[in-house]
Amino acid sequence: MIAIKPTKLKDFASLMQLDVQEDQKGFFKPFEQAYQKRTKSEVFYTIFHDYLTVGYLVIDKGFSQHAPFAKRHELGLSYIMIDKRFQQQGVGTATLKKLMMYRYAIDAESSSICATVASQNRVGIKLFESAGFENTLKSIYEESGKALILRHALG
């Protein structure tokens with residue numbers, strides 16, 4: 001069973017131990033780096049699977065105010081990371097589906113969740129599409145290069 005909970009200080013040690021498959025290293029941001037570079041509008045959540053820490057995700061509650069392509073009342077999924085021991089087992093997809101239910105607790109007015117995924121990150125794109133995210137076929141350029149805009153309407 002997947003649970004998503006606000007990250008607490010007691011979670012930090014296990015979150016810093018997480019790693020990804022070798023082919024995902026270029027898209028991976030270690031927890032401590034993501035946390036140190038967080039913005040005021042980003043909120044971290046720990047992902048648990050049967051009470052084990054398996055990853056984290058970052059929601060940008062101010063996404064619609066600063067992303068030029070964002071829709072009104074849209075949340076940004078800045079980052080999702082699942083430990084390599086739990087990848088390819090449906091944990092990422094289950095997490096994103098759980099997030100769709102949990103988003104009411106994050107922001108009751110949110111109308112959609114948007115994520116940008118590096119166009120070379122085929123595993124990441126497949127993950128989002130398997131969880132019902134629509135590939136808008138639009139792209140932006142980020143620090144790491146071209147990224148696709150994926151969106152999941154909330155209703």
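Both backbone and side-chain heavy atoms feed into the values below; hydrogens, waters and symmetry mates do not. Computed from a predicted model, the values in this text were never measured in an experiment.
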For [X], all residues meeting side chain to side chain donor-acceptor pair (under 3.5 Å), sequence neighbours excluded:
X	result
Arg85	Asp83
Asp19	Lys25
Gln87	none
Glu142	Thr116

Atom [atom1] in [X], atom [atom2] in [Y]: separation rounded to 0.5 Å?
X	Y	atom1	atom2	result
Ser111	His73	OG	NE2	7.0 Å
Lys146	Ser139	NZ	OG	4.5 Å
Cys114	Leu77	SG	CG	9.0 Å
Tyr102	Ile4	OH	CD1	7.5 Å

| Verdict with supporting geometry, Asn135 and Phe128, side-chain contact (heavy atoms from CB on, under 4.5 Å) | CA-CA 9 Å; Asn135 186 340; Phe128 281 96; over 6 Å; no
| Just by distance, do the side chain of Thr7 and the backbone of Thr46 share a donor-acceptor pair under 3.5 Å? | yes
| query | Is a donor on one side and an acceptor on the other found under 3.5 Å between the side chain of Asn121 and the backbone of Ala118? | reply |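 Between the backbone of Ala118 and the side chain of Asn121 there is no qualifying donor-acceptor contact (under 3.5 Å).
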Taking all non-hydrogen atoms of both residues, which atom of [X] and which atom of [Y] are closest, and how far apart?
X	Y	value
Ser64	Ala70	CA-CB, 3.7 Å
Lys61	Gln65	O-OE1, 4.1 Å
Leu154	Ser110	CD1-OG, 3.7 Å
Asp60	Ser41	OD1-OG, 2.6 Å
Ile82	Gly92	CG1-CA, 4.0 Å

Kindly give the cluster partners of [X], where membership spreads through any ILVMFWY side chain lying under 4.5 Å from a current member.
X	value
Phe69	Phe63, Ile140, Ile149
Met16	Leu9, Phe12, Leu15, Leu18, Val20, Phe28, Phe31, Tyr35, Phe44, Tyr56, Val58, Tyr79, Met81
Val123	none
Tyr141	none

[X] vs [Y] side-chain heavy atoms within contact, under 4.5 Å:
X	Y	answer
His49	Phe86	yes
Ile59	Leu99	yes
Asp50	Met1	yes

Contacts of [X] that satisfy side chain to side chain contact (heavy atoms under 4.5 Å, CB included) - sequence neighbours left out:
X	value
Ser14	Thr53
Gln33	Lys29, Pro30, Lys37
Ala94	Ile2

| task | Give every residue pair that meets the salt bridge (charged side-chain N to carboxylate O under 4.0 Å, His left out) criterion with at least one member in residues 66-76, sequence neighbours excluded. | result |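 Every pair satisfying salt bridge (charged side-chain N to carboxylate O under 4.0 Å, His left out) with a residue in residues 66-76: Glu74-Arg151.
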| query | So if you build clusters from Ile, Leu, Val, Met, Phe, Trp, Tyr with side-chain heavy-atom gaps below 4.5 Å, do Phe48 and Met100 land together? | reply |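 Different hydrophobic clusters.
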| Path from Ile47 to Ile106 over hydrophobic side-chain contacts below 4.5 Å |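 Yes, Ile47 and Ile106 fall within the same hydrophobic cluster.
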| field | Positive for side-chain contact (heavy atoms from CB on, under 4.5 Å) with Leu127, one of Leu96, Val91, Leu150 | value |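 Looking at Leu96, Val91, Leu150, the match for Leu127 under the side-chain contact (heavy atoms from CB on, under 4.5 Å) is Leu96.
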